[in-house]
Amino acid sequence: MSVNPNRSAARAWVEIDLPAIDRNVGRIKQALPAHVRYVAVVKADAYGHGMPEVATRLLQAGVDSFAVANVAEAARLREIGHDADILLLSPTLPGEMPRALSLGLDVTLNSLDEAKAILAAAAKSGAKAKAHVKVDTGMGRAGVWHERAAELFAFVQASDAFEWRGVYTHFSDADSDAAYTQGQRAIFLRLLELIPVAVRSGLMIHADNSAGLESFSASAPFNAVRVGLMQYGLPPSTGSFLASLRPEPVLSFHARVVLVKDLPAGTAVSYNRTKVLTRPTRVAIVAVGYGDGVPTAASNRGYFLVRGKRCPILGRVTMDQTIVDVTDMAGAAVGDIATILGAQGDDRITVAEFCAWADCIPWEALCTLTQRVQRVYRTDRT
Ligand SMILES: *Cc1c(COP(=O)(O)O)cnc(C)c1O
């Protein structure tokens, strides 16, 4: 994707290529059997891409429903007018339950106590609680520990105040350990046997996040998937079945050069003087820093693209500005675009590369882009 410098007057911005979402969703849907429901994960402001625009586009592209982390995120989705199903992935606090019910959300049940509290809230409101039971099969985070799941299944089944909609688990290591993931699947599949067939046949049964999709089996009872990272164009691991789907990155990240100047050899650059120039150097000051989502871990390690060339970061990344070396480039000037993530000219900085410099994981690189960074949406076909 090329950058149109006239597109934005912002100092720092991310471009969101909405047609790339259409193509990614299309590829993922094509790779899945037709009966499998596509739950689009849009938590954390749609992984930093901007929830309202992205959620709307995802629905247009054919996803079936949404998942978010909490009630506040779900409320935003309802405010923009989406009445699709919304699954809350995290445990719900007692104080949030009335709102979750009034918004018609699908809550996740992670314990008997939580189920009882939701039941009490439902009794007060007169609404049925739409619920998915989450089972911990080896993630060690949310969900009822699998050895105690039977009790929760029985409780939910026995109460008419619940509309039991689904049962699921979550993989901890699907991007790197297939054997462990299969073990989690096996535990989950055995537990499903505890649910009477007549009940089970009406449930959404899901386990797969983007990485789990690599071992998704159409013959298993799974009839839904929860897709995050992949739909934003990043395969969880390279060389996988998913990489072969060729998802396209949706987001690119840019900022303006605000000052260019020459510094003599021996000058110490930025806070704590971690970089001392070994030659006379032309530096460009770029209007982006850790206040925007460039971690200080990238100091003296990462690169920005300016005029299509890789320019090393000099010294510490600061809150509002980052200094790069443009000595070897003709004509770097105020107003030039520095690309932090994405393509410029013939080169591209991938999220994987950025993560290596910034010492983070792809999910983190995307959702630590802060609100100061303007989101610019491209709606045209590219
Ligand atoms: C965030 C999340 C997902 C999506 O994971 P990706 O790796 O981004 O596809 C799926 N399920 C649960 C429970 C999650 O918390």
Side-chain angles (χ1 to χ4, degrees), residues 21 24-25 27-29 31-32 36-49 51 54-55 58 63-74 77 85-92 105-110 114 131-144 146 165-178 180-181 184-185 188 204-216 222-238 240-243 245 247 249-251 351-352 355 360-369:
I21 291 183
N24 291 338
V25 170
R27 288 178 182 113
I28 296 165
K29 280 172 67 96
L32 293 168
V36 173
R37 285 171 62 100
Y38 185 132
V39 181
V41 180
V42 293
K43 61 195 180 187
D45 202 30
Y47 290 41
H49 291 59
M51 163 125 78
V54 167
L58 284 165
V63 308
D64 296 297
S65 63
F66 294 118
V68 295
N70 59 48
V71 178
E73 291 181 332
L77 270 175
D85 290 341
I86 305 174
L87 173 63
L88 296 174
L89 294 170
S90 304
T92 305
L105 308 180
D106 288 33
V107 296
T108 289
L109 303 177
N110 301 270
E114 189 182 16
H132 291 236
V133 175
K134 186 175 198 169
V135 184
D136 181 353
T137 55
M139 168 77 184
R141 193 180 63 176
V144 61
H146 61 87
R165 293 193 140 192
V167 57
Y168 70 105
T169 192
H170 190 49
F171 298 133
S172 70
D173 216 359
D175 51 354
S176 59
D177 191 333
Y180 189 79
T181 305
Q184 285 194 265
R185 261 192 218 283
F188 185 64
M204 264 172 78
I205 298 173
H206 46 117
D208 296 273
N209 53 1
S210 297
L213 284 171
E214 286 181 39
S215 56
F216 183 84
F222 300 104
N223 56 20
V225 295
R226 305 183 305 271
V227 186
L229 199 66
M230 263 292 277
Q231 69 197 357
Y232 303 105
L234 304 172
S237 57
T238 49
S240 67
F241 146 71
L242 291 176
L245 294 180
V250 172
L251 177 151
V351 171
C355 289
C360 67
I361 58 173
W363 298 261
E364 192 182 1
L366 298 176
C367 64
T368 50
L369 298 171

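One is the number of the first residue; the rest follow in order along the sequence. Read the numbers this way: they start at 1 and go in the same order the structure lists the ligands and their atoms.
- For the pair V39 and V63, the minimum side-chain heavy-atom distance is 4.5 Å or more.
- Of all atoms in ligand 1, numbered sequentially from 1 with element shown, those under 4.0 Å from a heavy atom of G228 are 4 (C), 6 (P), 8 (O), 9 (O).
- Note on D208 versus R185: salt bridge recorded, some NZ/NE/NH1/NH2 to OD/OE distance being below 4.0 Å.
- At a 4.0 Å cut-off, not a single heavy atom of Q231 sits close enough to ligand 1 to count as contact.
- Close contacts of ligand 1 with R141, meaning ligand atoms under 4.0 Å from a residue heavy atom, involve 15 (O).
- In terms of N/O distances under 3.5 Å, ligand 1 is not approached by L89.
- For the ring-ring contact (aromatic ring centres under 6.0 Å, His included) test, residues two or more places apart in sequence or in another chain that qualify with Y232 are Y47, H49.
- Counting only heavy atoms of the protein, atom 7 (O) of ligand 1 lies nearest to W363 NE1, 3.1 Å.
- Residues M204 and N223 meet the side-chain proximity criterion, which asks for heavy atoms closer than 4.5 Å.
- For the pair L251 and V351, the minimum side-chain heavy-atom distance is 4.5 Å or more.
- Using bins of under 30°, 30° to 60° and over 60° for the plane-to-plane angle, the ring pair F222/F216 lands in the tilted bin.
- The distance criterion of under 3.5 Å between nitrogen or oxygen atoms is not met by V227 with respect to ligand 1.
- Residue L229 approaches ligand 1 through these ligand atoms, each under 4.0 Å from one of its heavy atoms: 6 (P), 8 (O), 9 (O).
- When the options K43, H170, M139, M230 are ranked by their closest heavy atom to atom 13 (C) of ligand 1, first place goes to H170.
- For the residues Y47, F171, Y168, the heavy atom positioned nearest atom 8 (O) of ligand 1 is part of Y47.
- Evaluation of the ring-ring contact (aromatic ring centres under 6.0 Å, His included) rule for H170 yields no partner, not counting sequence neighbours.
- In terms of protein heavy-atom proximity, atom 11 (N) of ligand 1 is closest to R226 NE, 2.8 Å.
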Determine whether T169 and T137 satisfy the following criterion, side-chain hydrogen bond (donor to acceptor under 3.5 Å, both in side chains), listing intermediate values before the conclusion.
CA-CA 7 Å; T169 192; T137 55; 2.8 Å; yes

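- The K134 neighbourhood of ligand 1 comprises atoms 13 (C), with distances under 4.0 Å to a heavy atom of that residue.
- The nearest protein atom to atom 9 (O) of ligand 1, hydrogens excluded, is given as S210 OG, 2.5 Å; this is a heavy-atom distance.
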